[in-house]
Structure formats: C-alpha cells, structure tokens
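Letters A, B, ... mirror the listed sequences (proteins, then strands); counts begin at 1. All values derive from a computational prediction rather than experimental measurement.
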Amino acid sequence: RRSGDAEPAKFKPPPKPVIVDRQRQTAERRFLSPEFIPPRGRTNPLKFLIERKDMIQRRKVFNIPEFYVGHILAVTTADPNANGKTSRFVGICIQRGGKGLGATFVLRNVIEDQGVEICYELYNPRIQEITVLKLEKRLDDNLMYLRDALPEYSTFDVNMKPQSYLDSEEVPVNKLQVRMKPKPWSKRWERPKYRIKGIKFELPEEKMKEAQKWNKPWLEFDMMREYDTSKIEEKIWKEVNEELKK
Amino acid sequence: MALVNGRLGLSIAHQSSTVIQRHFSVTGACSAIQKLTRVRVVDNSALGNTPYHRPPKCIHVYNKNGVGKVGDTILLAIKGEKKKALIVGQKMPGPTMTPKFDSNNVVLIEDNGNPTGTRIKTPIPYLLRQKEGKFSKVLAIARNFV
C-alpha cells in the first residue's frame, strides 16, 4: 500500500512548551518574618540560635503564613471558656512587635460599634489556625492611628471569605489616606517622629507647621543608630529555609 | 496668639479671638477601672440609657486593691443613684490573647447578681465564663462573645 506519496505534508513541529520556573520565581521574593532578626545588642548569639531552633520547630508543626501590617487575618485559638473550645477573631493587623518566641501581633476590629483589639503571640501553642483573608500592605508599619480614625476604617466583616492570591505576585500596597476623628487623639500623629503617611490631615496649616518644630532631621544621619540587617537577614534566611525543608 | 495678631494687624489686637481654646488634660483612660473613672453602660436598661448631664462614674471597687479589672463588681453613681455594676471590658491591655476594648464597658447589676437590662449587644470576653456561678445570668443575656 502506498498512502504516503499523496500528501507529503511538511513536518510541523509541535509548539514549544512554555516552562514557568515556579521555584525560581518564588525564591526571588524572599520574606523573612521580622521576629527572626535579632535585635542590636551585646547578647550572646547562641541565645538567638537556640530561639530560632525552637521557632523553626514550631513552624514545622504549624504553618504561620507570611503577613504584614495591614493584612486582614482570621485567628482561631483554643479557649477553655468558649463553647466549642475554640474562638475565632477576624481583624486587621495593626502592629507586629517582639523578637524571637515572644513575637506578637495586634488585630483590631470594630464589632457592634465597639472597637476590640487582641494581642496574639505568634508562637503560642493555643493558636490553632491563622488564615490571611486579604493581602494588603499599607503605607505605614504601625497602624495604631486607626484607634483615632473613624470607625469605618477598622470595621471588617467577620464572615469574610479568604481571597486567593498567586504566590509570585507582589503584595499590593493600599495607599489609603485615613480620615480621623476630631482631636484630641491618643498620640499626636501629626508630629514627624511617627512618620505617618497614611492619614489625611485636615488640620490647619499652622498646626502642621507647629508640629514640624519637633522635627529631628539629624536622626537619619546618626551613625551610632545604624543597624544594617541585610547580611544578617541573608544568613538567617538560608538557615531557616534549610531547616524548614528537612 | 502672637501669630494671629501679627498677621491680622492692629485692628483685632484689642478684641479677644472668637475661639478660646481651653486645653485641660483629660487623662487618656489607659488604666483599669478605679474610683472616679467614667464608664460606659452597655446593656439596654433604662437607667443606663437615659441621658443625664453627668456621665456614670465609679465610686467604689469591691476589691482588695482599689483597681477593677474585667469580672470585678463596682459601685456606680448614675443619675444621682448608687448602683452596682460588673466590668465587662476595659481600655487597659490585659494578658496576651485577651481582648482590649476601646471603652470601659460595664453592665448594671442588682445586689443579688441579677442584671438590670435584658440584652447586651456589645461583645463580652470569654474570660467571664470562668466565674459562671455568680454571673451566669449576665452571660445568658449576652449576645456576642469575643
């Protein structure tokens, strides 16, 4: 049988597959949780090494997701007094403090016109689950001014569904300018020491100029206060990643 | 004041400015509840919700030290009357994992421990459940728990 000479069709090679190297992409975005970075001081680095070992041990058992200040999280904790033994709280992270095993984060929400804040410890064994409901970085590291802002900026739906995000995308920054309640505030947020960029100050210009009197422009050039963490971060990042992969 | 006079010239020098700002320091209530703290009544009792020209204040704390935390009874002065109340939320931060509220919340109570109101809308910390014996009726009328 000769069926081949009818159509000597040109050989069309199949389309090349597009290889998306996920590993390389995820490695490009490094996130080291801020509580791993040891504070500046003269303590023995052995102490931080031991603490890091314990932190990594806990992370192997329980997944602590990557989150920044401004994310909306849902935390379920074990509570002997709650019915069902677990209690769930949803809120925006306004502050991440502490180093090592005592690292904390404060979640804020307004429920039934009452502002509630809970300070959770990241490595507390009572915490059973941390879910990130919305990924959103804000302009500041510290959103304590939300206490003096209008309550609508701190209200979040308790039954919010978690939004899905790709691993490779950058964390979006929300450039929201928050409107405040009338003064007096718990802290004078207009002063330059707080360096807040996320408030829409509706104060008269004289007040803003008066606040600049407390400006200390020499502080950023102070060499004694410098603490360069880039090399320390890289070392710790490698260490933590290797341990977690085991 | 000097700035204002300089800018607006001599004409206003002898007049007093319309906005007289009298700054008196009000201690930002970041401590637990003690005598003379102004509190917020959160249940729906008539005594707690009718407006009065003076806010309800604590006049005594039933405690060895005069500082009241969540779960302590206090004596309130409301509308010229004395009334016992239970602290359900405080502005002062407590132990970690416990909620901190934006106002000092209080629920009015009778002498035998029965609540005066019938409903509590604001969230109540789970901590109070430990003292079930005394405050079970208050917990029964509470709607939200934190």
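For the set B:Leu128, B:Asp102, B:Asn144, B:Leu127, the count of heavy-atom pairs under 4.5 angstrom toward chain A peaks at B:Asp102. Between chain B and the residues A:Asn124, A:Val75, A:Thr77, A:Val110, the largest count of heavy-atom pairs under 4.5 Å involves A:Asn124. Taking chain A as the reference chain and counting heavy-atom pairs below 4.5 Å, the highest number among B:Gln130, B:Met97, B:Arg129, B:Arg40 is found for B:Met97.
Remark: A:Arg40 CZ is packed, more than 12 non-hydrogen atoms of other residues, nucleotides or ligands lying under 6.0 Å away. Crowding of A:Lys187 atom NZ: a count of heavy atoms from other residues, nucleotides or ligands under 6.0 Å not exceeding 12. Within 6.0 Å of atom CD in A:Glu205, 12 or fewer heavy atoms from other residues, nucleotides or ligands are found, so the atom counts as exposed in its surroundings. Around the NZ atom of B:Lys121, the shell of radius 6.0 Å holds no more than 12 heavy atoms that belong to other residues, nucleotides or ligands. Enclosure of atom NZ in A:Lys99 by more than 12 non-hydrogen atoms of other residues, nucleotides or ligands within 6.0 angstrom is indicated. More than 12 heavy atoms of other residues, nucleotides or ligands shown are found within 6.0 angstrom of CG on B:Asn63. Taking a 6.0 Å sphere around NZ of A:Lys183, one finds it holds more than 12 heavy atoms contributed by other residues, nucleotides or ligands. Open room surrounds CG on A:Asp113; 12 or fewer heavy atoms of other groups in view lie less than 6.0 Å from it.
B:Phe145 does not touch chain A: none of its heavy atoms, backbone or side chain, sits under 4.5 Å away. The parts of A:Tyr120 that come within reach of chain B are both its backbone and its side chain, each placing non-hydrogen atoms under 4.5 angstrom from that chain. For B:Thr96, the parts lying under 4.5 angstrom from a heavy atom of chain A are both the backbone and the side chain. For chain B, no part of A:Arg88 is nearby; none of its heavy atoms comes within less than 4.5 Å.
Smallest separation of non-hydrogen atoms from A:Asn81 and B:Tyr126: CB-O, 3.3 Å. Closest of all the heavy-atom pairs between B:Pro99 and A:Ile118 is CA-CG1, 3.8 Å.
Side-chain contact annotation: A:Gln114 with B:Asn105, donor-acceptor N/O pair under 3.5 Å present.
For the pair A:Ser87 and B:Val146, the minimum side-chain heavy-atom distance is 4.5 Å or more.
Distance NZ/B:Lys100 to CZ/A:Arg108: 8.0 Å, rounded to 0.5 Å.
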